[in-house]
A.B. asks: 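Have a look at this one before I ask anything.
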Amino acid sequence: MKDQPAPPLLSNAEIADRLTSLAQLLSTQKENPFKVKAYRRAAETIRALPDSVEDLVRRDVDLTEYSRIGKGISNAIREIVLSGSLRKLESLRSQVTPEVAAINEYPRLDPKRVLRIYKKLKISSIEALKEKLETGEIARTLGVRMDQHVRQALIERREMPLYDAEDVVSAVEEYLLNRCGVSRAEATGDYRRRVEIIPEISFLIETGDFPAVIAKLERYGGKSELLDSGDSRAIFRLSSGTKLTVEAARKEKWGVALIACTGSENHLRKLADAGRNLKDLAKSKQSFPDETAAYTKLGLSFIEPELREGRDEVELAARSSLPVLVRATDIRGELHAHSTSSDGSHTIEQMAAGAREKGYEYLGISDHSQSLKIARGVPVKDLWLQIRFIDKLNQKISGIRILKSAEVDILADGSLDYPDERLRELDYTVCSIHSRFALGKTEQTERILRAMDNRYFTILGHPTGRLLLKRPGYEIDMQRVIEHARKNGCFFEINSSPDRLDLSAENARLSRDAGVKIAISTDAHSIRELDYINWGIDQARRAGLAGGEVLNCLAWPELQRIIKR
DNA sequence: GCCGTTTTCGGCCCGACTGTTTTCAGTCG
């Protein structure tokens, strides 16, 4: 009998860290920035692989088959696996100062920035850096951006945007089904509720051999740490740092287990408080193959996963008065898309064809306004030409109407970036902030309120400017802005770009409660990005929005009537 | 160093504004 191969010594993440460290040192050496980027990207590829890279190397698999790994990096990986180290990395480390070498132990830290902190705060070690981070001195003396950089690089960040979680979930799902012999696997928890930031991944599975599944999962990504395990539940730390919980359920109790694994703590507590005990269902002899059967037994109508946050959904379900949440098929058009006129990658005609392909009735072309130079903002005289061009195009094409719009910059003083006589020729506007994020809360709020006073202001684009896990967004008094929008007949956007999702579900709910309708827009810069709509729909559903509360679920004549001021 | 429906070289956004780290790097889409 053949011997079992020895367990891999290196996890994929450990190999990826070596490549990232190399990239980091190369960047301090003023090496070709594209080469630096190549190492970083290859590291990302490896970090996301379910298969053990060490195994692949030992089995002589051609690593260049994987995207972003070519001959050079493939050889570097082989060297790391077979010799345990990377000569190029070691030699670079020996050439730099001990301080930089110490910084290099943290691949995500930018040495240049750290050295600046060292100089400013008169410190020289990671230890001291951590301490200054804790006391808040870095934020005070070097700004919040710097604080954020060090924080994310030093303290291992395990949460990720929903968009990234999608990749992890599908990789784990495939691994469970194809490598672990699981007959059924469904992602649960925050991911299933479509929460925009995912701290950990969880799955419900059906299997005849749970211990075998555990054993296989311990090899995920080369090596995964088993944190805890029981008869039907196991918790892992994947080598990438993500926590993974796997729970097994029998077919006849699947519905009950799915509710228990999906609901937020608050949702489950609300169920229990209302005397609707899931545990009784789990123990009973009755079969609950799906969630509807289980909810029915609890005296509730089916509650969509996105609503299971413990707000009012249990009460509403008991009265059968849950909202009918907006669905992809309710969307009748797109109101925020770019074209080659500014920084988009497809022409107006191509975008229109893409939107028609999606079954849309209309497409609003909202290119950037003149001030936003980096995005090739449309000069005022070219806007006039674009308006005429779209008029002609609408006569020529069929099956879709192109709406004349613009993503108009809200300037620092709250004025709009085009003169009124040009704005009045547009069907509507999306008005956004793209500069001066650092204004104080009052000033920033006043800026937006003043912009809303312009009668050609229609929709506030990406209202808080946040980028998930990257940038907090500017500070505004949301209640005042919502109230002003209601008074002036303005609207908000849920920007579906997966690193924005702005408005948040919470703010979208506030807006809805105030009676202010919301556009679910993609901010698409290409035909493909029109599909971002699904991320925005997820958030709208979390906000409890029904189709009737979404601007672009309306037919154009109705929409036109509503947005007219 | 990677990559190719412009395929073995020459690309891989980019350009003005902001403001403190202070005269250049970070930032905005």
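Sequence lines set the chain letters: A, B, ... in the order given, protein chains first and strands last, and positions in each chain run from 1.
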A.B. asks: Applying a 4.0 Å non-hydrogen cut-off, can you work out what A/Arg471 is touching in the nucleic acid: base, sugar-phosphate, or nothing?
C.D. replies: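 Here A/Arg471 touches the backbone only, sparing every base.
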A.B. asks: Base, sugar-phosphate, or nothing: which does A/Lys71 touch, judged by heavy atoms less than 4.0 Å apart?
C.D. replies: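 Sugar-phosphate only.
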A.B. asks: Considering residues at least two apart in sequence or located in another chain, which fulfil the side-chain contact (heavy atoms from CB on, under 4.5 Å) criterion with A/Arg18?
C.D. replies: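 side-chain contact (heavy atoms from CB on, under 4.5 Å) check on A/Arg18 returns A/Leu10, A/Ile80, A/Leu89.
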A.B. asks: Determine the Euclidean distance between corresponding P atoms of B/dT8 and B/dC3; express it in Å to zero decimal places.
C.D. replies: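 16 Å, rounded to whole Å.
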A.B. asks: Salt bridge or not between A/Glu425 and A/Arg422? Use side-chain N to carboxylate O under 4.0 Å.
C.D. replies: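 Salt bridge present between A/Glu425 and A/Arg422.
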A.B. asks: Under 4.0 Å between a side-chain nitrogen and a carboxylate oxygen: does that hold for A/Arg356 and A/Glu349?
C.D. replies: no
A.B. asks: Within residues 428-441 of chain A, which residues have any heavy atom lying less than 4.0 Å from an atom of DNA chain B?
C.D. replies: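 Per residue number, the list reads A/His434, A/Arg436, A/Phe437.
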A.B. asks: If we take the C1' atom in both B/dT7 and B/dC2, what is their distance in whole Å?
C.D. replies: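 Those two atoms are separated by 13 Å.
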A.B. asks: Say whether, by atom type as modelled, one donor and one acceptor occur between the side chain of A/Gln444 and the main chain of A/Arg436 under 3.5 angstrom.
C.D. replies: yes
A.B. asks: Heavy atoms only: give me the nearest A/Ile103-A/Ile126 pair and the separation to one decimal.
C.D. replies: CA-CD1, 4.0 Å
A.B. asks: Check DNA chain B against residues 365-379 of chain A and give the residues with a non-hydrogen atom under 4.0 Å, in numerical order.
C.D. replies: A/His368, A/Leu372, A/Lys373, A/Ile374
A.B. asks: Need one value for A/Thr141: base, sugar-phosphate or nothing, where a base atom within 4.0 Å counts as base even if backbone is also close, heavy atoms only.
C.D. replies: sugar-phosphate
A.B. asks: Between B/dT27 and B/dT21, how far apart are the C1' atoms? Round to whole Å, please.
C.D. replies: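 Comparing C1' positions in B/dT21 and B/dT27 gives a spacing of 14 Å.
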A.B. asks: Taking for each residue the nucleotide of DNA chain B bearing the nearest heavy atom, is the 5' side occupied by A/Gly72 or by A/Lys37?
C.D. replies: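 That would be A/Gly72.
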A.B. asks: Tell me every residue that passes side chain to side chain donor-acceptor pair (under 3.5 Å) with A/Arg500, counting only those two or more places apart in sequence or in another chain.
C.D. replies: none
A.B. asks: Is A/Asp147 paired with A/Arg151 through a side-chain N to carboxylate O contact shorter than 4.0 Å?
C.D. replies: yes
A.B. asks: Under 4.0 Å from a heavy atom of chain A: give me the 5'-most and 3'-most nucleotides of DNA chain B that qualify.
C.D. replies: B/dG1 to B/dG29
A.B. asks: Give a yes or no answer on whether the side chain of A/His525 reaches the backbone of A/Asp523 with a donor-acceptor pair at less than 3.5 Å.
C.D. replies: yes
A.B. asks: State the pairing partner of B/dT8; accept Watson-Crick or G-U wobble contacts with both distances under 3.5 Å, and report none otherwise.
C.D. replies: none
A.B. asks: Counting the atoms with a prime plus P, OP1 and OP2 as sugar-phosphate, which does A/Asn32 contact under 4.0 Å by heavy atoms, base, sugar-phosphate, or nothing?
C.D. replies: base
A.B. asks: Ion pair present between A/Glu14 and A/Lys223, side-chain N to carboxylate O less than 4.0 angstrom?
C.D. replies: yes
A.B. asks: Looking only at heavy atoms, what is the nearest atom pair of A/Leu469 and A/Gln152, with distance?
C.D. replies: O-NE2, 2.8 Å
A.B. asks: What are the two closest non-hydrogen atoms of A/Ser432 and A/Gly461, and how far apart are they?
C.D. replies: OG-CA, 3.5 Å
A.B. asks: Students often mix this up, so state it plainly: with edges at 30° and 60°, are the rings of A/His434 and A/His368 parallel, tilted or perpendicular?
C.D. replies: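 Perpendicular, since the angle between the ring planes exceeds 60°.
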A.B. asks: What interatomic distance, in whole Å, is found between P of B/dC13 and the corresponding atom of B/dG4?
C.D. replies: 14 Å
A.B. asks: Considering only atom P, compute the distance from B/dT5 to B/dG1 and round it to an integer number of Å.
C.D. replies: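 The answer is 23 Å between these two P atoms.
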A.B. asks: Going by heavy atoms closer than 4.0 Å, what residues in residues 114-126 of chain A are next to DNA chain B?
C.D. replies: A/Arg116, A/Lys120
A.B. asks: Please determine whether a side-chain nitrogen of the Lys or Arg among A/Asp538 and A/Arg541 lies less than 4.0 Å from a carboxylate oxygen of the Asp or Glu.
C.D. replies: no
A.B. asks: What interatomic distance, in whole Å, is found between P of B/dC28 and the corresponding atom of B/dT20?
C.D. replies: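 These two P atoms come out 15 Å apart once rounded.
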A.B. asks: Taking the six-membered ring for Trp, are A/Trp556 and A/Tyr362 parallel (under 30°), tilted (30 to 60°) or perpendicular (over 60°)?
C.D. replies: tilted
